Amino acid sequence: MAHMACDYEMIAGLETHAELSTETKIFCSCSTAFGGEPNTHCCPVCMGMPGVLPSLNRRVVEFAVLAGLATNCKVNLYSRMDRKNYCYPDLPKAYQITQFDFPICENGWIQLQNGRKIRIRRIHIEEDAGKLLREGNTIHIDYNRCGVPLIEIVTEPDICSPEEAREYVEELQKTLRYLGISDCRMQEGSLRCDVNLSMRRKGESALGQRTEIKNMNSLSNMVKAMEYEAGRQKSLLEKGIPVRRETLRFEVSSGRTEPMRGKEELDDYRYFPEPDVPPILLTEYEVETLRESLPELPGEKYRRYTEEMGISEADARLLSKYRSVAEYFEEASRDCKSAKNAANWILGPIFARIPTEAEKENFSPPVPAEQLRELLLLHEKGSVSTNMAKRILEKMLDTGRPCSECISREELLPLSADALQKACREAIENLPQAAEDYKKGKTKALKALLGAVMRSTKGRAPAGEAEALLQKLLQ
Ligand code: ADP
Ligand code: MG
Ligand code: ZN
């Protein structure tokens, strides 16, 4: 049944700022380190004193090109910096150096799991502004962030839901982290999203009037803000009231979007070419060299894990999310018959010890990959049973000691055929009821007998062989 409420659809485009993790700022040699005493990472250049001359950090250009290549963009061999003029206390020189008419990268895309491609209109380079901290009637200003390099990634209006927006940002985060060019922490502000959102009647092709919600500082807030704003616009349109083009902020405590005041309402920036920074010129050769230096990206790893290594989609997503986890997995499973096994050990017992995302991002469990690999190979050869391998891994995780030290000599000795026979016979003797049940056709009763064998052999019995032998003895 059609209903008015279903007649509108959401269209959104995202503008995402990512702080680049260069050591030094974009136009001077001040540190970009996060935190630090306020106003200690500053100099006349990033403070915009008269007479200073900015000098473009070449790493910033390389990082921006890498971001473009990894998101299928065309890299422009000519691009240039412009001045965007505005007067606000976060920017002591009263203009921001950014790119306007000639961005460094254009026309890329990021693909979502549902197959849809979110087109990237452009990626440009710019400098960050300082940070304002309100305390009662006082405003404190920290200029440490002034001149920290940013890239801004602007999509086409291709995003159709808050979930798509979330997935797009997550994909972007993964990619930039793999490249090692940004840590993309929304909470710390090293990744910030502005959401442009409009509604239109389904079936219509023209875009509706949009609003822009500034500075989302977490994915969950972004989703909430988009849901709220879509509902707000829809109820206006249903009443025949036009949506006003305005800049909004998301108020976390009320869960509502509200009009923003201040610099964001300025719309005449009087852009002009930045006279102090020469145009950015790249050669085909430089771009191709950077292309060759790209690491295998999370999407490619995901495809390889699912299509060639037999890993489930959900597991492949977890394993490919962070480069350090992916590299650990690849090293631990090298030469193993079953990569899936390696995945299970990592996502099971090892992830259980490394619960937070931050720890997974810099994945370094107490058991190095080559030690896990040693254990996996012993397990595959049948030298240690699954139960034993579990115990040994826990010991390795507890102590951080190598596999060879965590396996006692007794444990490594293969269980002799005689000992296995003896253990199976004893299990049948000690659990006559289970033996009877099994003979009567309750195949599940074998589990109890197998458990007894495992206990009496301290897990050294190979499960498959023990099961076969028990069945034979019970015939
Ligand atoms: P501005 O100059 O205000 O930044 P742009 O045209 O550069 O505006 O667009 C900024 C972002 O807004 C882009 O991501 C774009 O896809 C998105 N956008 C533009 N128009 C709409 C619209 N009507 N509805 C939703 N998103 C839009
Ligand atoms: Mg904008
Ligand atoms: Zn400086």
Side-chain angles (χ1 to χ4, degrees), residues 8-17 22-33 36 39-49 52-57 60 82 84 86 91-93 96-101 103 106-110 117-124 126-130 142-149 152-162 164-165 168-169 172 193-201 204-216 222 226 229-230 233-234 237 242-248 260 264-269 271:
Y8 287 89
E9 64 184 3
M10 170 192 296
I11 304 283
L14 258 54
E15 296 167 281
T16 308
H17 288 94
T22 52
E23 299 274 310
T24 56
K25 292 186 179 179
I26 182 167
F27 298 120
C28 62
S29 53
C30 291
S31 163
T32 56
N39 303 309
T40 54
H41 303 160
C42 307
C43 76
V45 173
C46 51
M47 299 294 287
M49 299 295 177
V52 296
L53 203 57
S55 150
L56 180 62
N57 182 346
V60 171
D82 295 286
K84 176 180 180 179
Y86 70 80
L91 194 66
K93 60 181 191 271
Q96 180 192 30
I97 303 180
T98 178
Q99 295 191 305
F100 188 55
D101 295 322
E106 285 174 291
N107 299 330
W109 44 265
I110 282 180
K117 282 179 180 169
I118 306 302
R119 288 171 298 160
I120 290 172
R121 179 183 293 173
R122 56 188 273 152
I123 299 180
H124 64 253
E126 61 186 31
E127 60 179 339
D128 210 345
D142 179 3
Y143 287 130
N144 282 352
R145 211 177 60 182
C146 265
V148 168
E152 178 172 342
I153 304 115
V154 183
T155 74
E156 294 293 341
D158 285 349
I159 293 168
C160 296
S161 68
E164 283 196 357
Y168 162 80
V169 176
L172 185 64
C193 289
D194 302 339
V195 180
N196 296 268
L197 189 152
S198 64
M199 302 295 283
R200 70 174 170 203
R201 274 183 187 280
E204 222 158 81
S205 58
L207 293 173
Q209 181 61 285
R210 67 170 144 143
T211 57
E212 179 171 4
I213 319 166
K214 282 276 182 194
N215 271 332
M216 309 280 56
M222 181 181 76
M226 289 177 74
E229 180 59 13
Q233 288 188 15
K234 197 177 76 180
L237 294 171
V243 171
R244 269 206 330 158
R245 166 90 185 258
E246 59 189 342
T247 305
L248 309 169
M260 185 147 164
E264 313 300 348
E265 282 203 322
L266 283 178
D267 51 6
D268 182 8
Y269 294 119
Y271 282 100

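Both counts, for ligands and for their atoms, begin at 1 and track the order of listing. Please read all numbers here as calculations on a predicted model, not as lab measurements.
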Using a strict cut-off of 2.8 Å, how many protein N/O/S atoms surround the Zn ion (ligand 3)? 4

Under 4.0 Å between heavy atoms, the region of Leu14 that gets near ligand 1 turns out to be backbone

Test applied, side-chain contact (heavy atoms from CB on, under 4.5 Å); reference residue, Met10; option that passes from Lys234, Glu229, Met226: Met226

Arg122 bridged to Glu106 by N-O distance under 4.0 Å: no

Based purely on interatomic distance, does Glu212 place a nitrogen or oxygen under 3.5 Å from a nitrogen or oxygen of ligand 1? no

Contact with ligand 1 for Met10, non-hydrogen, under 4.0 angstrom: no

Using the rule salt bridge (charged side-chain N to carboxylate O under 4.0 Å, His left out), only one of Lys93, Lys84, Lys25 pairs with Glu127; which is it? Lys93

When you compare ligand 1 with Gly208, is there at least one nitrogen or oxygen pair between them that comes in under 3.5 angstrom? yes

Among all residues two or more places apart in sequence or in another chain, which pass the side chain to side chain contact (heavy atoms under 4.5 Å, CB included) test with Glu23? none

What are the two closest non-hydrogen atoms of Gly13 and Thr155, and how far apart are they? CA-OG1, 3.3 Å

Residue-ligand contact Gln209/ligand 1, heavy atom below 4.0 Å: no

Are any side-chain N or O atoms of Asn144 and backbone N or O atoms of Asn39, one a donor and one an acceptor, separated by less than 3.5 Å? yes

